[in-house]
Each structure stands twice: as structure tokens, then as C-alpha cells.
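Have a look at the structure below before the remarks.
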Amino acid sequence: MLKIKNLHASIEDKHILKGINLEVKPGEVHAIMGPNGSGKSTLASVLAGREDYEVTEGSVEFEGEDLLQLGVDERARKGIFLAFQYPVEIPGVSTTNFLKTALNQIRESRGQEPLNAPEFLKLMKEKMAWVEIDQSLLSRSLNEGFSGGEKKRNEIFQMAMLEPKLAILDETDSGLDIDALRIVSEGVNKLRSPKRAIIVVTHYQRLLDYIVPDFVHILYKGRIVKSGDKTLALKLEKEGYDWIKEEVAV
Amino acid sequence: METVTQTLDGIAALFNAQPTDRFSALREVGWKSFSAKGWPTRRDEEYKFTALDQLIKRKFTFTKSEVNSELDTQEMLSNFYAVDGHHLVFVNGQFRRNLSTIHSADLHITSFDEMTDEAVKKVVELTTSDSRATVQINQSFLSNGIVIEAAKSTDPLPVFIYHFNGAEGQNISFPRLHILANENAHLRCYEKSFQFTREAHFSSTIITADVARHASVRLTKLQTYGANEIALDNLFVQQAADSHFFANTFSFSGGLIRNNLEISINGEHAEANMYGLYLLDGQSHVDNHTVVDHKVANCNSNELYKGIVDEQATGVFNGKIFVRQPAQKTNAFQANNNIVMSDTATIHTKPQLEIWADDVKCSHGCTVGQMDEEALFYLQSRGIRAAAAKAMLLNAFAEETLAHVLLPEINEEITNLIHNRLDV
């Protein structure tokens with residue numbers, strides 16, 4: 001589904017990604033871990049198409065198509081979803097209205113009919129239950145005045161509504177208390193399917209107790225320096241990142 | 001350099017051509033004041049970005065116009081809102097009772113020609129000492145104005161004020177209105193202009209409002225002038241204790257619009273609200289100058305003006321807040337936010353706070369910027385196309401100013417005007 005080959009990316013002449021190689025197949029859950037500043041969020045941003053980053057080398061293929069040639073909204077319509085680390089507050093735009101527009105533009109590009117109001121509301125009700133989000137929150141301005149937990153739940157709710165093929169969760173666990181973490185994770189787990197891949201970007205192992213990954217990759221200084229299964233995450237939890245740094249230094 | 005008299009020749013001829021009647025003496029007073037100085041220039045601080053002398057000369061010539069068309073009253077009446085209320089018709093600046101619809105039991109509408117000289121003089125004198133050209137030009141051409149009076153403890157049906165300008169080929173109009181909300185009366189007014197000519201048109205309007213104790217007045221202005229129309233608009237408000245006033249000013253187009261809005265808060269526990277939106281393209285030029293004068297303690301004022309300016313249009317905002325020494329415990333908030341859509345569009349914005357009291361909460365902020373790129377990225381990352389995402393953000397930005405337009409029909413009309421301008 002996703003093939004990243006020798007990906008290099010910079011922001012304002014700062015070289016951050018220095019040759020990422022990663023292949024993600026449908027149904028898989030990959031965790032990308034690493035110390036602060038290793039390039040985790042940069043990778044998520046480059047995949048979503050944030051323009052601040054410049055890809056200087058390498059390629060990214062999504063379902064056989066050159067992803068880097070596509071604009072942000074095109075990527076989303078092809079089925080890529082980024083759950084933001086810091087969801088943006090947008091005054092005056094309600095979640096409901098915005099999601100209806102987004103969903104129908106995605107459906108249109110898939111050759112599906114737009115959902116009418118009752119169909120849309122029915123779908124919303126169903127998905128709201130997944131992340132225990134309240135209708136009153138969704139009628140309000142998008143993320144405006146939401147708590148940290150509410151913002152993250154709203155991200156997963158949007159993901160559930162838009163049903164992407166590849167979901168990228170960027171530090172979704174940051175700023176969440178244990179209950180919110182459980183709710184958000186359960187929402188993500190409901191979205192796991194043989195057709196859908198998920199990339200979980202996180203600093204801590206605790207999210208992976210709930211969203212159990214098939215693969216764990218350690219990103220350090222812009223490269224994937226180690227890959228393994230979920231036990232790798234447990235080792236990081238126990239021993240920290242220092243042994244990785246030493247291993248790489250050798 | 002041209003002298004004042006030379007530039008005012010055309011206006012002087014029009015002034016002198018007015019027939020002698022019971023308003024002549026008052027017009028003379030206005031003309032004396034106006035003609036002494038003429039139009040303000042860019043050297044006048046208040047007209048730095050709206051140099052009336054240049055702008056008017058470029059866009060309009062004061063010459064006598066002949067009656068060249070029939071008054072199409074049917075077409076006028078077809079523009080009435082389908083809402084139960086008082087529908088007041090001004091044709092070329094003069095009130096026409098025969099075309100208006102007034103529920104007499106509910107509200108008193110008295111035109112100047114029904115009032116004593118003394119009563120008319122009292123209304124006109126509210127602004128006689130004001131030396132501004134935009135005011136004195138109106139008094140120089142004083143004709144049949146009106147007083148709208150809401151009796152004590154009444155909540156009259158909404159008042160719709162329609163200006164049909166340029167009817168019968170006339171090219172100037174000078175409406176004059178006085179709004180009086182007596183104690184505990186609650187008045188809602190909606191004002192709109194229609195251009196009944198393809199020719200250039202000049203208008204100068206004065207509305208004075210007197211809001212008594214525990215009374216409220218809401219005045220919503222919808223400005224959709226033609227590219228060859230000049231509108232100099234004056235709205236002066238006096239507020240007594242415990243009163244509320246709302247001004248909602250929506251400007252979508254106009255060759256030159258200058259809105260002077262001044263609110264004087266004279267009694268405690270009063271609240272003044274000023275909301276405005278200017279959504280401009282083409283070569284529209286809109287200047288909102290507002291003043292709120294806190295003279296007494298324990299009052300609030302809220303002001304929010306927003307602008308989206310595209311193509312070669314110009315938006316000007318100047319907001320003054322005075323908090324006089326006795327006006328302790330004042331809360332005064334002001335914001336002016338602008339989005340500039342093109343390299344050739346211009347915004348000038350200037351907040352001015354003068355505070356003599358020490359125990360007050362005042363804030364002001366002006367922003368001029370482009371679209372919020374982070375918000376745009378967020379919307380696009382959900383699959384929304386760039387153009388639609390942009391429209392969504394701009395609509396949301398603009399619609400924030402609509403919160404206090406309570407009548408659904410008008411709110412919807414303005415919402416549609418916003419969408420028509422911004423949607424893809």
C-alpha cells in the first residue's frame with residue numbers, strides 16, 4: 001500500500017529525514033517510535049503533504065501512485081488521513097458542517113453519491129458512539145475551546161467518519177489522561193481492518209498497550225535504525241532510548 | 001492650487017437653486033458652515049485615507065439634473081421585505097408617506113412638514129454645531145426628514161427604511177432621520193438603499209438617535225451601493241442610563257462609502273455595540289470611522305469590525321474610544337480584523353484609545369493578514385479542495401459579524417450576500 005524509499009526531507013535548510021525506508025501493507029499497524037527531535041512528526045507531515053517540508057531525495061508510493069506529486073486534499077481523497085498532534089481551532093466552522101463537506105468531496109472523488117442529511121446524521125450517530133463524543137461538541141466551532149482530550153477524540157471521530165485506507169496518528173496520546181487514552185484507542189481499534197493500514201507515531205509505549213502494533217520502528221536522527229515486533233516497544237519502555245543511541249554510535 | 005470656492009461652484013449653484021421655503025434659514029446655516037471649508041482633504045487627519053475632495057471630484061460632478069423618468073412606484077414597493085412592520089420610503093432623500101406602510105397604533109412617524117418650525121429646528125440643531133462637511137452638506141439641502149418615535153414601554157414592529165436614490169433622474173439626496181426610543185421602548189430598524197438610476201449618485205445621510213433609560217435601539221445598515229455611488233453616512237447616538245444600542249453595518253459595495261458612527265454614553269449601566277463587515281471587491285472604497293465616548297461610570301462597549309478586501313478595493317477603519325475621567329469601571333472592547341485577498345487591495349486600520357479614568361478594562365486589536373494557512377491545511381487534509389476550504393474559512397470569518405442581526409429575513413439576506421461573494 002505504502003512504499004517509502006530513501007526519503008530525505010528538510011525544513012528551512014534543516015535536514016531532518018535522512019533516508020527513510022518503510023513498507024506498509026493493508027491490515028498492518030506500524031508504530032514509529034523515537035526520541036524527541038528524531039523526525040517522527042516530520043515523517044507524518046511529509047506523508048500528509050504539509051508544504052513547509054521539502055522532499056530532497058527519495059520516493060513515496062501510495063497504491064502504486066507517486067504520493068509526492070499529489071496535493072494535500074488529493075491525498076486525503078485517495079484515502080490518507082492524518083490525526084494531528086495539535087488539531088487546529090477554526091472559529092465559525094462547525095465540525096458537523098465541515099465533515100459533511102469533507103465526506104461528500106471524498107465520496108464524489110470515489111464516484112459515490114453524496115450523503116443526504118438523514119444519512120449523514122445516522123452515520124455520525126454511529127461513529128460518535130465509538131469515541132464517546134457528544135453532539136453538542138460537534139455543533140460548536142471546530143476544536144475551539146475543546147480540551148486536549150476532546151480535540152484528540154474529535155480527530156479519531158473524523159477518521160471514523162472518513163474511513164481512510166491509511167491512517168497516520170501523530171502523537172495522538174500526547175496530553176491524554178488514562179481514560180481518554182482508552183477511549184481514543186478503542187476508537188482506533190474499531191477501525192482496524194484487513195484493508196486498512198495504520199501508522200502510529202508516538203514517543204511512549206503506553207499507547208501501544210491499547211493499539212497493539214504488528215511492527216515497531218525506531219527512528220533516530222532521521223533514519224529507521226531498528227525494526228522489530230511489539231517487544232521492541234516494551235524494551236524501549238524498560239530501558240529508554242540510550243541503548244539505541246549507543247548502538248547507532250558504534 | 002484650486003481655491004475652495006472654485007471646487008464648490010457646482011454645489012453652490014445647486015444650493016442657490018433651491019426654492020425658498022420654511023427650511024431655508026436652516027439650510028443657510030448649513031451652507032455657511034460647509035462652504036467655509038469645503039471638502040476635507042488628505043491633510044485632515046480624519047480623512048487621510050479617504051480624501052473626500054479628490055475622491056468626490058473623481059467620481060461625481062455636481063450639476064443640476066432634469067426630471068427624466070417616471071417614478072416607478074410599483075418597482076419601489078416590490079422591494080419591500082415580506083415582513084410585518086413599518087415600511088418607510090424615502091425617494092431622493094425625501095420622506096414619502098403616501099408610499100410608506102405605517103401601523104399608526106404602534107409607532108409615531110412624523111415628517112418635518114407635519115412639525116412646527118420649532119420642532120424641526122430642535123431636531124436639526126442636534127448637529128448644527130458639528131463642523132463636519134458630511135453633516136453640513138446635508139443641512140445645506142435639508143428637506144422633508146422624519147422623526148421615528150417609540151412610545152414608553154413599547155416593542156414596535158420592525159422599521160424598514162428604504163432609500164430609493166436616483167429616481168426620476170435625480171442625482172443627489174440628503175435624508176435626515178431622528179430616532180427616539182422613549183423609556184423602556186425597544187426599536188429595531190433596518191436601512192437599505194436602492195439605486196434607481198444608472199447615473200452617478202451622491203447622498204449624505206444624517207440619522208440621530210436618542211435612546212432613553214432602559215430603552216434599546218438596533219439599527220442594521222445594508223450597504224450595496226453601485227460603483228458610481230457616493231454615500232456619506234452619519235449616525236450619531238445619545239444613550240441614557242441602562243440603555244442598549246446596536247449598530248450593524250454591512251458594506252458590500254460602493255464607489256465611496258464613509259460611515260461616521262458616534263455614540264455618546266451619558267448614563268450609567270448602558271451598553272453600546274458596534275458590529276461591521278466590509279466585503280469589498282472592484283474599486284469599492286469603504287471607510288468606517290467610529291467613536292464611542294464613555295462619559296459616565298459602569299458602562300460597556302463592544303466593537304467588532306471585519307473586512308475582506310479583494311481586487312483594487314480599499315477598506316479603512318478608525319475606531320476611537322474615549323473613557324472620560326468619571327467613567328470608572330468601564331469595559332470597552334474593540335477589534336478590527338482584516339483579510340487582504342490581493343496585492344492591489346488596501347487596508348488602513350487605526351485604533352485610538354484615550355483613557356482618563358484609572359479603573360477600567362479596555363482592549364483593542366487590529367489585524368491585517370492573509371488566510372490562516374494552518375487552518376487551510378487542516379481542512380484540506382480532510383479532503384476538502386483548496387477553493388472550497390478557502391471559502392469555508394472566509395465565510396466563517398465574515399459570518400461572525402452577523403450574530404446581532406436578529407430578524408431572520410435580513411440575517412438570511414446578508415448571509416446570502418456573503419456566500420455569493422465568497423463561495424466557489
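To find a chain, count down the sequence lines: A is the first, B the second, and so on, and within it residues start at 1.
Top candidate by heavy-atom pairs under 4.5 Å with chain A, chosen from Ala389(B), Ser381(B), Gly383(B), is Gly383(B). With chain B as the partner, the residue from Ser94(A), Gly49(A), Ala76(A) showing the most heavy-atom pairs under 4.5 Å is Ala76(A). Each of Asp52(A), Leu99(A), Ile80(A), Val72(A) has some count of heavy-atom pairs under 4.5 Å with chain B, and the biggest count is that of Val72(A).
With a 6.0 Å radius and a threshold of 12 heavy atoms from other residues, nucleotides or ligands, Tyr86(A) has its OH atom at or below the threshold. When the shell of 6.0 Å around NZ of Lys192(B) is examined, it contains more than 12 heavy atoms from other residues, nucleotides or ligands. Within a 6.0 Å radius of NZ in Lys127(A), other residues, nucleotides and ligands contribute more than 12 heavy atoms. Remark: Gln283(B) CD is loosely packed, at most 12 non-hydrogen atoms of other residues, nucleotides or ligands lying under 6.0 Å away. The number of heavy-atom neighbours closer than 6.0 Å to NZ of Lys306(B), taken from other residues, nucleotides and ligands shown, is above 12. Atom NZ of Lys25(A) is surrounded by 12 or fewer heavy atoms from other residues, nucleotides or ligands within 6.0 Å.
Neither the backbone nor the side chain of Glu400(B) comes within less than 4.5 Å of any heavy atom of chain A. Neither the backbone nor the side chain of Ala398(B) comes within contact range of chain A, judged by heavy atoms closer than 4.5 Å. With a 4.5 Å cut-off on non-hydrogen atoms, Pro87(A) touches chain B through its backbone and its side chain both.
Going from atom CD of Glu373(B) over to atom CZ of Arg50(A) covers 11.0 Å, rounded to the nearest 0.5 Å. Here the OH-CG distance, from Tyr378(B) to Leu142(A), works out to 5.0 Å after rounding to the nearest 0.5 Å.
Side chain of Glu399(B) to backbone of Gly92(A): no donor-acceptor contact under 3.5 angstrom is found. Side chain of Arg77(A) to main chain of Arg382(B): no donor-acceptor pair is present (N/O by atom type, distance under 3.5 Å, no hydrogens or angles).
Listed here is the closest heavy atom pair of Phe98(A) and Leu379(B): CD1-CD2, 3.3 Å. Shown here for Asn97(A) and Met392(B), the closest heavy-atom pair between the two residues is O-CE, 4.4 Å. Minimum interatomic distance between Gln105(A) and Ile384(B) (heavy atoms only, all atoms of both residues): OE1-CA, 3.4 Å.
In this pair, Phe84(A) and Phe377(B) present their aromatic rings tilted. The plane angle is within the 30 to 60° band.
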